[in-house]
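Just the heavy atoms: all of them, side chains too, but no hydrogens, waters or symmetry mates, feed the values below.
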Amino acid sequence: MLLRLPTSLSEAQRYLAEGAVPVGGATLVWALWQREGFPEQAMSLRRLPQANRLEPGELGAAVLLHQVDDRVPDVLHRAAATVGTGAVRRTATVGGNVVGSTLRCLLPAALVLNARATVLDPDGAYETDLAEVVAKRHLLLGLRWSDPVASGYYKAPGEAGGPPPLVVATAVHTGSDGRRRLDVAVRDGYEVTGETTPCDTGAERVLEELGRTGLGSLPVEARDEVRREVTGILDRTAG
């Protein structure tokens with residue numbers, strides 16, 4: 001297998017056109033390749049500057065999870081810090097988690113930040129939404145967002161090899177009109193559901209509104225955690 005290490009977007013674009021398979025941190029694909037055979041070409045973005053940015057409002061796809069720190073909102077920092085073991089976080093990448101993993105621990109955090117994704121295909125780089133990235137498994141270059149007023153992240157305890165633990169991500173944003181809104185995203189099993197509602201009306205009214213959305217059909221335990229997380233972040237941002 002030939003490993004390509006592009007240092008420019010034009011190089012990465014050319015390797016994609018030649019059939020190179022994105023490898024990320026190889027934490028997910030290596031065992032599969034050992035069973036089913038290795039591709040002729042693989043491509044890592046670890047030397048591509050655009051995929052290694054870590055700064056306010058921007059996170060590159062090649063950034064390792066253990067490198068994600070307080071330069072990003074708390075919800076994204078905490079999501080990265082709870083993925084797997086320390087050894088996994090020192091190898092796994094942001095892009096591999098969002099696109100390559102079935103668990104997608106970072107996806108709820110990115111959703112509540114209303115993050116936009118920059119992706120690359122053989123025709124070039126462009127910006128799109130996370131739904132398209134997940135559905136079409138694009139090659140992710142990075143994420144961009146506007147910082148929230150506050151954010152939170154809850155991940156239930158889980159066992160290695162067990163079912164995916166519940167994740168509840170929250171963020172409060174202020175719109176251009178000065179009004180605040182609350183974004184909530186929940187991973188229940190392998191499914192991720194995200195909803196948005198105005199949040200200047202008080203916690204109980206907000207919870208009532210969320211109960212009328214897809215979050216209202218979650219299991220009781222998940223709804224209880226949503227209530228706790230929503231109440232907590234609204235209390236912290238009151239006034």
Side-chain angles (χ1 to χ4, degrees), residues 22 24-25 27-29 31-32 59 61 65 68 72-85 88-89 92-117 119 128-140 143 145 148 151-173 181-197 199 206-233:
T27 57
L28 299 169
V29 298
L32 176 66
L59 180 61
L65 297 184
V68 180
V72 305
D74 191 48
V75 64
L76 198 52
H77 182 193
R78 290 168 61 186
T82 61
V83 174
T85 63
V88 168
R89 293 191 293 274
T93 64
V94 170
N97 185 272
V98 173
V99 181
S101 171
T102 57
L103 297 178
R104 300 189 179 99
C105 296
L106 300 188
L107 181 59
L111 284 173
V112 299
L113 293 176
N114 300 294
R116 296 285 293 175
V119 300
T128 187
D129 58 41
L130 289 168
E132 180 178 322
V133 172
V134 172
K136 298 185 178 180
R137 300 179 68 86
H138 288 305
L139 174 59
L140 182 67
L143 301 171
W145 62 87
S151 62
Y153 185 84
Y154 168 82
K155 186 176 185 178
E159 298 181 2
L166 175 72
V167 166
V168 181
T170 54
V172 173
H173 301 265
R181 72 176 190 277
L182 172 70
D183 285 82
V184 182
V186 177
R187 185 189 71 189
D188 180 47
Y190 292 96
E191 297 299 318
V192 178
T193 303
E195 300 290 349
T196 301
T197 185
C199 62
V206 169
L207 289 165
E208 288 176 9
E209 292 297 325
L210 290 174
R212 299 187 184 100
T213 70
L215 299 180
S217 61
L218 291 169
V220 173
E221 296 82 0
R223 295 202 305 270
D224 287 344
E225 287 301 338
V226 169
R227 170 176 285 273
R228 277 190 280 271
E229 290 298 301
V230 167
T231 302
I233 196 169

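For the residue pair K155 and V167, the shortest heavy atom distance occurs at CG-CG2, 3.8 Å. The minimum heavy-atom distance linking L140 with G95 is given by the pair CD2-CA, 3.9 Å. The shortest non-hydrogen separation linking A169 to V112 is O-CG1, 3.4 Å.
Between the side chain of R78 and the backbone N or O of G152 there is no donor-acceptor pair closer than 3.5 Å. Checking side-chain atoms of D183 against main-chain N and O of H173 turns up no donor-acceptor pair under 3.5 Å. For the pair T231 (side chain) and R228 (backbone), a donor-acceptor distance under 3.5 Å is absent.
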Report task. Would you check, one step at a time, whether the test side-chain contact (heavy atoms from CB on, under 4.5 Å) holds for R116 with D129? Result -> CA-CA 5 Å; R116 296 285 293 175; D129 58 41; 3.4 Å; yes
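V94 pairs in a side-chain contact (heavy atoms from CB on, under 4.5 Å) with only one of the listed residues (L76, V83, L65, V99), which is L65.
To the nearest 0.5 Å, the span separating CG on L130 from NE2 on H138 amounts to 11.0 Å. Going from atom CG of N114 over to atom OG1 of T196 covers 6.0 Å, rounded to the nearest 0.5 Å. With rounding to the nearest 0.5 Å, the separation of CG in D74 from CD1 in I233 is 9.0 Å.
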Ignoring hydrogens and angles, write down the donor-acceptor pairs under 3.5 Å from the side chains of residues 213-221, residues two or more places apart or on other chains.
from	atom 1	to	atom 2	distance (Å)
T213	OG1	L210	O	2.6
T213	OG1	L215	N	3.2
S217	OG	G214	O	2.8

Show which side-chain atoms of residues 185-194 pair as donor or acceptor with protein atoms under 3.5 Å away, not counting sequence neighbours.
from	atom 1	to	atom 2	distance (Å)
R187	NE	P165	O	3.4
R187	NH1	L103	O	3.1
R187	NH2	P165	O	2.7

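In this structure, Y153 and P73 have side chains that are not in contact, with every pair of non-hydrogen atoms separated by 4.5 Å or more. Counting only heavy atoms from C-beta outward, the side chains of V75 and T170 never approach each other to under 4.5 Å. Between V172 and L182 the shortest side-chain heavy-atom distance falls below 4.5 Å. E209 places none of its side-chain heavy atoms less than 4.5 Å from the side chain of V206. In this structure, N97 and C105 have side chains that are in contact, with non-hydrogen atoms separated by less than 4.5 Å.
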